[in-house]
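So that the names make sense, note that chain A is the first sequence line, chain B the second, and so on, each numbered from 1. Not measured: the values here are computed from a predicted model.
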Amino acid sequence: MSTEKKQAELIKEISGVNPLKCMKCGKCSASCPSFNEMDIKPHQFVSYVANENIEELVNSKSLWKCLSCFACVERCPRDVKPGKLIDAARQLVVRQKGQNYLTPDEIPELLDPELPQQLLVSAFRRYRR
Amino acid sequence: MQRIGVFVCHCGSNIAATVDVKRVAEMALMEPGVVHAEDYQYMCSEAGQALIAKAIEEKQLTGLVICSCSPRMHEATFRKAAERAGLNPYMVEIANIREHCSWIHKDMEEATKKAVILMRAAVAKVNLNTPLQPGESLVTKRALVIGGGIAGIQTALDIADAGYEVDIVEKEPSIGGRMSQLDKTFPTLDCSACILTPKMVEAAAHEKINIYTYSEVEKVSGFVGDFTVDIRKKARSVDMDKCTGCGVCQEKCPSKKAPSEFNRGLNNRSAIYTPFAQAIPNVPVIDREHCIKFKTGKCGVCSKVCQAGAIDYDQKDEIVTEKYGAIVVATGFDIIKLDNYDEYAYSQSKDVITSLELERIMNAAGPTSGHLERLSDGKAPKEIVFIQCVGSRCSDDRGKSYCSKICCMYTAKHAMLIRDKYPDVNVTVFYIDVRTPGKNFDEFYRRAVEQYGVNYIKGQVGKVIPQPDGKLLVQGSDLLDNKQILKEADMVVLAAAIEPNPDVRKIATMLTASIDTNNFLTEAHAKLRPVESPTAGIFLSGVCQGPKDIPETVAQAGAAAVKAIGLLAKDKLMTNPCTAKPDETLCNGCSTCANVCPYGAITYEDKEIFDHGIRETRRVAQVNSALCQGCGACTVACPSGAMDLQGFSNRQIIAEVDAICR
Amino acid sequence: MQELINRAKELLADGTVARVLGWKAGDLPYNPEPAYFETEESLKDFVYNGFCGANLSKYMIEASKLEGKTMVCLKPCDTYSFNQLIKEHRVDRDKAYIVGVGCKGKLDIEKIKKQGIKGIQSIQGAEITDDAETLTIQTIYGEKTCAYKDGMLERCHVCKGKEHQIYDEIIGESKDTKDADRFDEVRRIEAMRPEEKFAFFQSELSKCIRCNACRNVCPACSCRKCVFDSNKFDSSQKANVDSFEEKMFHIIRAFHVAGRCTDCGECSRVCPQGIPLHLFNRKFIKDIDELYGEYQAGEDTDSKGPLTNFTFDDAEPSIVTERG
Amino acid sequence: MSIEAKEEFRPKIVAFCCNWCSYAGADLAGSSRLSYPADVKIIRVPCSCRVNPMFILRAFEKGADGVIMCGCHPGDCHYSTGNYYARRRMTLLFSMLDYIGVENGRTRVEWVSAAEGVKFSTTMNEFVEKIYSLGKNVRLEDIRCRN
């Protein structure tokens with residue numbers, strides 16, 4: 001198996017998403033608040049994974065522009081959930097780097113009273129895996 | 001002990017070239033019960049059949065084994081031949097030594113050995129055969145059509161034209177159904193009422209058609225050819241015989257706050273009402289929930305103004321019991337609730353509407369008298385956005401997994417009509433795919449784009465955000481340009497998915513007609529029997545079977561009518577005698593068999609059973625042989641072996657197994 | 001136990017029930033047997049203790065035909081069987097007054113004897129009011145003790161829980177005694193090579209004497225006439241003549257109760273030859289759970305059983321080969 | 001050495017075919033002259049749901065070396081749902097046979113439509129080959145039934 005194929009499989013496994021279910025309606029891109037910031041658009045995440053074009057996907061700006069607001073996950077009529085895909089791609093990168101994005105020790109200095117607690121908790125949960 | 005005759009066919013050289021037919025016949029004589037065996041060139045020929053008849057007579061045969069081609073080919077031929085010779089046709093078994101033997105094996109020795117074994121299996125089976133008599137049941141020459149929309153009306157008309165009595169049961173106060181709510185119809189743009197109303201009148205005037213409006217099917221019993229149905233005629237509070245349909249009561253009724261069902265709740269109607277002007281029958285009903293007389297006991301205006309004295313506040317629901325030979329289900333559809341689609345702001349803005357609501361707005365008899373205007377402020381919209389596939393093609397549980405089929409076309413119709421009547425209004429359609437497989441359909445859609453300048457955007461809308469100034473901000477994607485679009489609209493029209501009428505579940509249960517996960521009624525065969533339910537005598541017309549447009553609905557309505565007529569034209573039904581039969585003394589009454597029966601043919605009865613000197617009342621299975629199709633699912637489900645299949649009994653099959661493994 | 005007897009007396013006295021279905025003491029300290037009690041007087045023989053393993057729900061098939069109500073004592077696991085029988089219209093709910101009796105695990109005398117405890121004269125610690133920790137056994141060789149747990153029936157180690165699924169009232173406390181996975185043994189067999197599996201079942205089943213105790217005690221095997229007693233399949237057999245027939249009998253028996261068996265374990269409890277018959281039923285239960293979704297027969301009285309149901313995308317039979 | 005071992009092994013194979021699809025598929029295999037070994041003998045049943053596990057065990061008891069059941073493809077059953085029930089029943093039965101140590105190649109279910117003459121013949125060829133490789137069924141046979 002090529003590396004990209006492996007990575008694509010991994011993304012599918014982490015996200016639990018079957019990209020073949022996509023019917024290319026574009027509702028994800030229509031819902032995305034970061035659409036204009038992205039080079040690869042949410043609806044394209046799906047075809048990048050389906051076509052195993054992972055290298056480009058993980059090097060895209062979009063990877064870090066997704067706000068994980070999950071509007072696309074919520075509204076996708078086909079249960080494809082592009083937000084979960086990009087989230088999985090992000091995890092792939094984080095795991096590859098062999099490091100945790102956040103360590104518990106780093107948290108105190110990051111604490112900003114303005115910051116919603118939930119954001120920290122979810123970020124922590126996500127990047128600690 | 002049976003007296004069995006074995007007849008081995010040469011089939012010219014088809015069999016004889018590879019199977020030693022003489023030896024098969026010789027070997028047959030060594031089998032238990034066999035008293036006669038012979039071979040002949042063509043058993044199915046007249047001479048061959050004469051040979052069989054002669055042997056039956058001379059040797060007093062009680063059973064036949066024909067070693068020949070497939071039973072699918074000539075079983076019927078040989079059964080008839082046996083019957084003519086005075087033998088019960090079900091005492092004949094075929095050993096298939098052509099398709100399953102001579103044609104696939106080359107070695108004569110091997111093929112002959114196999115032919116002998118197949119013959120033995122057939123002989124073993126015939127030894128256990130018993131004469132079977134096909135049952136007979138009478139056909140009531142009257143049909144019931146459930147639902148009085150275009151599907152029901154068309155089916156009723158076609159059946160009635162063939163000379164049979166038809167009753168239509170419609171739960172609303174008038175027939176007409178969804179089609180009566182439509183303004184224009186694609187792809188010809190004729191006015192819906194103009195083509196539907198004459199049919200409604202024709203149905204009402206037809207001497208063979210009897211219409212029960214404001215009525216519902218309450219109970220169904222019986223089976224194909226002989227259904228008994230209870231119909232609940234809901235209290236109308238108006239005497240149908242006296243009412244002249246003058247309409248004064250509706251005008252004078254002081255309670256005018258009831259949302260109009262016909263106008264999808266966009267405006268109100270009086271408590272005494274007919275749903276629309278062309279209603280058939282043109283007799284109002286009193287909506288007791290909104291009627292002041294019923295709520296407070298005071299009022300009675302309608303009664304006072306009615307010259308005919310037709311108002312009857314004491315009317316009660318009435319149950320009518322009728323017998324029918326065939327039942328056609330034509331319960332139609334509704335559009336889905338949009339509660340799960342908050343992103344389109346349907347509940348937040350009056351200017352986000354469904355396509356069916358737009359139909360009413362565009363209709364001259366509708367809430368805005370046909371003027372295209374915003375329901376919030378009555379202003380003329382300048383920018384209209386249509387959103388396709390709202391709730392259709394969804395694999396999550398918010399919507400429906402199927403394509404609603406009609407939306408692409410009616411949206412093109414709406415877009416075109418708006419652009420035609422109001423050229424200054426911009427129309428944008430967000431679509432996933434435009435599906436136009438129908439005669440003149442794609443041409444119609446292209447006309448909307450090319451001739452009327454409707455802006456079609458490939459992409460879906462993510463959300464609709466009502467603005468403080470009353471506008472609607474539509475955020476959608478344009479997949480071909482790879483852009484996200486923000487568009488201010490005055491009106492948003494949602495092509496909401498259609499779903500079978502929610503009542504169909506109840507009706508299907510009463511009819512024991514099967515239903516799929518989407519509540520569409522299942523057809524007996526997806527390709528070959530698309531208008532019949534697997535339950536005999538139940539036929540399907542219109543959208544209750546699956547999404548359809550008007551021409552398809554009418555075509556299916558006609559097809560369902562033909563199937564019903566085909567049934568009603570028979571005086572008696574011959575039933576397949578190879579049906580399940582319970583041994584009542586062994587039956588546990590556990591209902592396992594009934595649970596797997598696809599035809600609802602098994603019922604339970606408390607019956608007095610005499611078994612081993614004990615007389616007691618037991619719950620035992622009963623098979624309605626008119627409904628049973630003989631699949632045998634029940635026989636395996638039954639743990640005690642009480643349920644057996646005639647013609648394919650447990651012992652017969654085991655005898656075949658034993659003969660083959662001998 | 002006294003509470004049960006008192007309640008039974010009350011119910012008999014006020015005419016709520018015409019009889020009581022419970023257990024009476026046997027001739028040995030550990031073999032109480034199912035019994036009907038129709039008078040207050042007769043209740044003096046009533047017992048309920050750790051050896052009352054019998055599942056009384058099947059008796060209700062006959063009791064449903066009798067005049068008047070029957071008070072029946074059901075342990076938590078027995079109520080599953082009762083529900084299943086309601087579903088199959090074999091018992092009449094209105095003819096039963098169900099007293100959910102407490103249960104702290106039932107005892108297997110064979111297991112106690114296997115620990116070398118012989119010559120038993122009396123057993124203490126098996127009363128339902130006891131805390132079910134230790135059994136004190138008086139034998140002709142002196143006093144012995146045995147941990148309650150070590151004397152428990154196999155089925156109690158995989159207890160379905162202490163909740164009664166159906167009852168009119170509950171008397172006595174129950175304890176969830178589960179400390180093992182009920183599919184462990186099935187898995188162990190599944191992992192064997194075909195020859196080993198064959199040898200295992202051959203050696204177990206060759207002990208079968210076709211006494212039909214398993215069939216007669218099984219609440220799911222409630223057919224008026226078993227296929228093995230009728231000529232419907234040319235299959236009537238009174239005894240095994242060779243190795244095939246016992247397999248045929250036990251496979252078909254398990255198949256006939258598949259999806260209906262509540263895993264009450266009575267078959268194994270009563271087998272005089274000690275054949276672990278529950279291993280057949282559990283195999284079907286495990287397959288059903290894995291292939292068609294978790295299903296516990298007797299949890300309700302109206303759901304469709306797994307063999308009278310299907311989904312469009314059920315596993316193909318070839319899965320048996322594929323999963324190896 | 002037993003007497004049978006000296007003889008050439010010819011398996012006994014019972015095939016249950018539903019009347020509407022597989023039996024017709026077998027007919028088509030015949031009319032297309034697509035051969036398969038004569039060891040296969042077909043029993044016609046109305047539907048795969050008519051096949052009782054008793055029949056299959058009975059065949060083995062009487063010395064069959066393999067039993068195959070064919071029905072309409074799921075979704076195409078003439079009786080609309082019969083093969084769905086059959087599928088569950090056979091899956092459980094086969095699993096049980098496997099569990100008690102019967103070689104699982106001796107049983108098989110295949111969905112064959114009336115148009116699949118080729119599939120019918122290939123399936124039978126494959127199945128017979130499999131049974132040859134497994135050899136005589138000794139684990140389930142009732143020795144009294146030998147003759």
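- More than 12 heavy atoms of other residues, nucleotides or ligands sit less than 6.0 Å from atom CD of C:E290.
- One distance of note links CG of D:L92 with CD1 of C:I251; it measures 13.0 Å at 0.5 Å rounding.
- Side-chain contact check for C:I252 versus D:P53: some heavy-atom pair is nearer than 4.5 Å.
- One distance of note links CG of D:L93 with CG of C:D287; it measures 11.0 Å at 0.5 Å rounding.
- Per-residue heavy-atom pair counts under 4.5 Å with chain C were compared for D:E110, D:M96, D:R87, and the maximum is reached by D:R87.
- Listed by first and then second residue, the ring-ring contact (aromatic ring centres under 6.0 Å, His included) pairs that reach into residues 104-125 of chain D are D:Y36-D:F120, sequence neighbours excluded.
- Counting heavy-atom pairs closer than 4.5 Å to chain D, the top residue among C:L279, C:V186, C:D314 is C:D314.
- For C:F201, the part sitting under 4.5 Å from any heavy atom of chain D is the side chain, from C-beta outward, and nothing else.
- Atom NZ of C:K286 has more than 12 neighbouring heavy atoms from other residues, nucleotides or ligands inside a 6.0 Å radius.
- The 12-atom threshold is not exceeded at NZ of D:K130, counting heavy atoms of other residues, nucleotides or ligands nearer than 6.0 Å.
- The contact between D:P74 and chain C is made entirely by side chain atoms (from C-beta outward), counting heavy-atom distances below 4.5 Å.
- Using bins of under 30°, 30° to 60° and over 60° for the plane-to-plane angle, the ring pair D:Y99/C:F280 lands in the perpendicular bin.
- With chain C as the partner, the residue from D:V102, D:I100, D:T81 showing the most heavy-atom pairs under 4.5 Å is D:I100.
- For chain D, the nearby parts of C:F312 are the backbone and the side chain; heavy atoms of each come within less than 4.5 Å.
- One N or O on the side chain of D:R88 and one on the backbone of C:P306 form a donor-acceptor pair closer than 3.5 Å.
- Atom CE of C:M248 is separated from atom CZ of D:R58 by 6.5 Å, given to the nearest 0.5 angstrom.
- Enclosure of atom NZ in C:K114 is not indicated, since only 12 or fewer non-hydrogen atoms of other residues, nucleotides or ligands lie within 6.0 angstrom.
- Neither the backbone nor the side chain of C:E196 comes within less than 4.5 Å of any heavy atom in chain D.
- Both the backbone and the side chain of C:N309 come within contact range of chain D, each with at least one heavy atom under 4.5 Å from a heavy atom of that chain.
- Between the CD1 atom in C:I319 and the CG atom in D:D98 there is a gap of 12.0 Å [rounded to 0.5 Å].
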*Stepwise, does the side chain to side chain contact (heavy atoms under 4.5 Å, CB included) test hold for D:R108 with C:T321?*
CA-CA 9 Å; D:R108 179 164 171 180; C:T321 322; over 6 Å; no

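- Within the 4.5 angstrom heavy-atom criterion, only side-chain atoms of C:L291, from C-beta onward, approach chain D.
- Heavy atoms only, all atoms of each residue included: D:T91 and C:Y292 are closest at CB-OH, 3.6 Å.
- In terms of heavy-atom pairs under 4.5 angstrom with chain C, the leader among D:M54, D:M69, D:E103, D:M90 is D:M54.
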